[in-house]
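Notes follow the structure.
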Number of protein chains: 2
Amino acid sequence: MKPTAKQVAHEAGVSISAVSRAFSPGSSIDPEKRQRILQVAVQLGYTSPARRTAEVISAGTVTLVAGDLANPFYPLVLDTLAKALQAVGRQLLVYAIPPGTDMDHLTPQILAARPNALVVTSASLTSGMALACRQHGIRVVLVNRIQRDVRVNAVACDNHAGGRDAATFLMARERRRIGFIGGVADTSTHRDRITGFREALQEGGQSLFAEATGGYTYRGGYTAAQAMLTNKVRPDALFCCNDIMALAAIDAARELGFSTPDDLSIIGFDDIPMAGWTSYRLTTIRQPITRMINEVVDLIEAGATVPIDETTTSILPGKLMVRGSA
Amino acid sequence: MKPTAKQVAHEAGVSISAVSRAFSPGSSIDPEKRQRILQVAVQLGYTSPARRTAEVISAGTVTLVAGDLANPFYPLVLDTLAKALQAVGRQLLVYAIPPGTDMDHLTPQILAARPNALVVTSASLTSGMALACRQHGIRVVLVNRIQRDVRVNAVACDNHAGGRDAATFLMARERRRIGFIGGVADTSTHRDRITGFREALQEGGQSLFAEATGGYTYRGGYTAAQAMLTNKVRPDALFCCNDIMALAAIDAARELGFSTPDDLSIIGFDDIPMAGWTSYRLTTIRQPITRMINEVVDLIEAGATVPIDETTTSILPGKLMVRGSA
DNA sequence: CCGCTCCCGTGAAATTTTTTCAAATATCGA
DNA sequence: TCGATATTTGAAAAAATTTCACGGGAGCGG
């Protein structure tokens, strides 16, 4: 016998109308009452017709909020995630938002669709959004981003250690004028990488020779590298906050007649496919994408057994890929 | 006064039940009748409750079915489309499917979500899927793909003319041993490009010197180019079916000690951002992505006024970007 | 070619859900 | 403190969905 709204209403001690309202987003109903009704509904296995439609839509789906698709690292993440989810019988839904846009206006849509989980690689998550998701039982996973102000799951590469490795490697190669091209100052990846880098540099008795930001883009990286390399005293090594900027730096160096690693060493971060191409052979810190995505999928699949406000932060080690550029 | 199912039923000359069925996917109803009901419903502005909920979820969304995100051209399309839709107040939802997978199993989900439109850049659309979409009033737009067996909208670059342009350009540069590295033989882009290329070659009194396929990937392109260039008699020009393979060809050539354009000319197709990077300076046919996406958005926005089975195929001209590689 | 079965499509009716309405309660500003 | 306004609520009305039984092919065996 299929459960009906009437049964739920009786069980929860409310009217049928209230049950109906609990299921339609935007209805005027006491949030506490709605939650109680929803809870009873789950117990009885009741779903409203409207809800059933929504469930067909979001059956087994995971929603990804992605920005900055111009950086090949993110398509790579998207692709890997899509395949991993496919393997466990789920689908990937992507909200692609232009970089710099905040994601709050997506909240109603995301909540209405009730995905199994929300994966965020873009910009920052507002605490309101995080709270709303938790209340609606949607697990949130941040990828390649750490945010300490909201209690959500996060999976990232060990950016701090990566920064240290880069510095250690460059110093071992006797580099003495080491520059840094950053991404966007208030992102956790930028912060952690430069902090680790500086720390190791200091331990080796050096300090940063030059510093600039390139906004994680090719153009920004190119301009920054060009400026540094046309100074009277130029750096003999560059650590770039991501691969795109590192490749841009190599291009800028070549354009000025310098070659890697003889005239200067260049190290990137991410290990996007292009880093391995023979024209660049970029030395870089590889992010363990496959392992990161496996972690993400595990967190999502754990859904049923782990309480939703028990959050995990996974920091996975990166790996220095020594190629030709440093 | 809000229109009801009863009015629609009366207007369409069917029972209320039929109207309800027309709106629930998977119900047993004559497809023709469903279509008529849906048409009347649109006229009267009727929406079923289930549909209304779905509309909250997919309000103003466009669903994109994308594959092959390893080719930077598609993230570029995705990014551009996301921004264009954002500008007209819509959101982009992406179903990312691993290349080679067919999209038929997505049908129920996509239909249930009732997006405003479906944009397909991946693999091929089965006629069943296309038919189902039309019956449900979902406009379908193929991007960078032409399919004559199903009646859907399509927006693509003029691949035939692009192929011709490439051939004409290479012949004007006195190239006499012109090779071709294709993508995947049964895709429309591959077919149109090689057909146009061959045609122009023939008109210039030449024929293809060598031919291989690289599956649209870097590795495939690299291997194919390497094989051609280690033959006793090697080509003095290569037309690659997309930029990734062209960049791979440049890398393979460099690795063997050849340089472009002196030892051989290389032309690509797409004009992905990397093609303009100073280490490559790839001569290539630019796909007018912005214009293509504008067409897509126009087709979607025209939704209300143009009948759904009036389909348009837009073929936009590409542009030869002459850089350093040919 | 006939008859049999099975399955699809259908409207009426039963059931379920949503919406409307009016009353009750809470909230806010003066 | 009071009134005005907004929010929440259940009953009832309206609407939508599902069930049910039946009609009418299509396929199939005789």
Side-chain angles (χ1 to χ4, degrees), chain A residues 1-59 108 111-114 132 135-136, chain B residues 1-59 107-109 111-114 128 131-132 134-137:
Chain A
M1 190 54 204
K2 225 188 328 188
T4 70
K6 204 166 162 184
Q7 292 171 40
V8 176
H10 184 259
E11 193 75 22
V14 296
S15 68
I16 311 178
S17 328
V19 176
S20 175
R21 277 190 273 264
F23 279 95
S24 29
S27 294
S28 126
I29 186 174
D30 179 24
E32 205 172 296
K33 179 177 274 191
R34 162 176 281 159
Q35 201 148 4
R36 195 172 74 242
I37 294 171
L38 256 42
Q39 200 174 327
V40 174
V42 169
Q43 267 174 30
L44 298 181
Y46 169 78
T47 46
S48 74
R51 174 69 170 270
R52 279 196 287 277
T53 310
E55 262 164 16
V56 174
I57 297 167
S58 58
L111 292 183
R114 301 191 166 272
Q135 275 173 358
H136 284 77
Chain B
M1 193 52 206
K2 225 187 330 189
T4 69
K6 205 165 160 185
Q7 290 171 42
V8 176
H10 185 259
E11 192 74 23
V14 296
S15 68
I16 309 177
S17 327
V19 176
S20 174
R21 277 190 273 262
F23 279 95
S24 22
S27 295
S28 133
I29 186 173
D30 179 26
E32 207 172 295
K33 179 177 273 192
R34 164 175 281 159
Q35 198 153 8
R36 196 173 71 240
I37 294 172
L38 256 43
Q39 201 175 324
V40 173
V42 169
Q43 267 174 31
L44 297 180
Y46 169 78
T47 47
S48 72
R51 167 87 173 252
R52 283 195 285 277
T53 308
E55 262 164 15
V56 173
I57 297 167
S58 59
T107 312
Q109 279 183 57
L111 292 183
R114 298 189 170 276
L131 189 67
R134 188 156 62 240
Q135 277 174 0
H136 283 79

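In this structure, the separation between NZ on B:Lys6 and NE2 on B:His10 is 10.0 Å, given to the nearest 0.5 Å.
Scanning for side-chain contact (heavy atoms from CB on, under 4.5 Å) contacts around B:Ser20 gives an empty result, with sequence neighbours left out.
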Got a list of protein N/O to nucleotides 12-15 of chain C N/O distances below 3.5 Å?
unit_1 : atom_1 : unit_2  : atom_2 : d
C:dA12 : N7     : B:Ser17 : OG     : 3.4
C:dA12 : N6     : B:Ser17 : OG     : 3.0

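The side chain to side chain contact (heavy atoms under 4.5 Å, CB included) with B:Val40 is formed by just one residue from the set B:Val14, B:Val8, B:Val19; it is B:Val8.
Residue A:His10 contributes atom NE2, which lies 15 Å from atom C1' of D:dG10 at whole-angstrom precision. One interatomic measurement links the two molecules: CD of B:Glu32 to P of C:dT10, which rounds to 10 Å at whole-angstrom precision. To the nearest angstrom, P of D:dG10 lies 11 Å from CD1 of A:Ile16. Rounded to whole Å, the distance from NZ on A:Lys6 to P on D:dA11 is 12 Å. Atom pair B:Arg36:CZ and C:dT10:C1' shows a separation of 12 Å (rounding to whole Å applied).
Among the nucleotides C:dG11, D:dT17, D:dG10, the one closest to any side-chain atom of A:Val14 is D:dG10.
For A:Ser20, a side-chain nitrogen or oxygen approaches OP1 or OP2 of C:dT18 to under 4.0 Å.
Taken over five-pair windows at either terminus, the axes of the helix from C:dC1-D:dG30 to C:dA30-D:dT1 are inclined to one another by 30° (rounded to 10 degrees).
Of all heavy-atom pairs between B:Ala9 and B:Ile16, the closest is CB-N, 3.8 Å.
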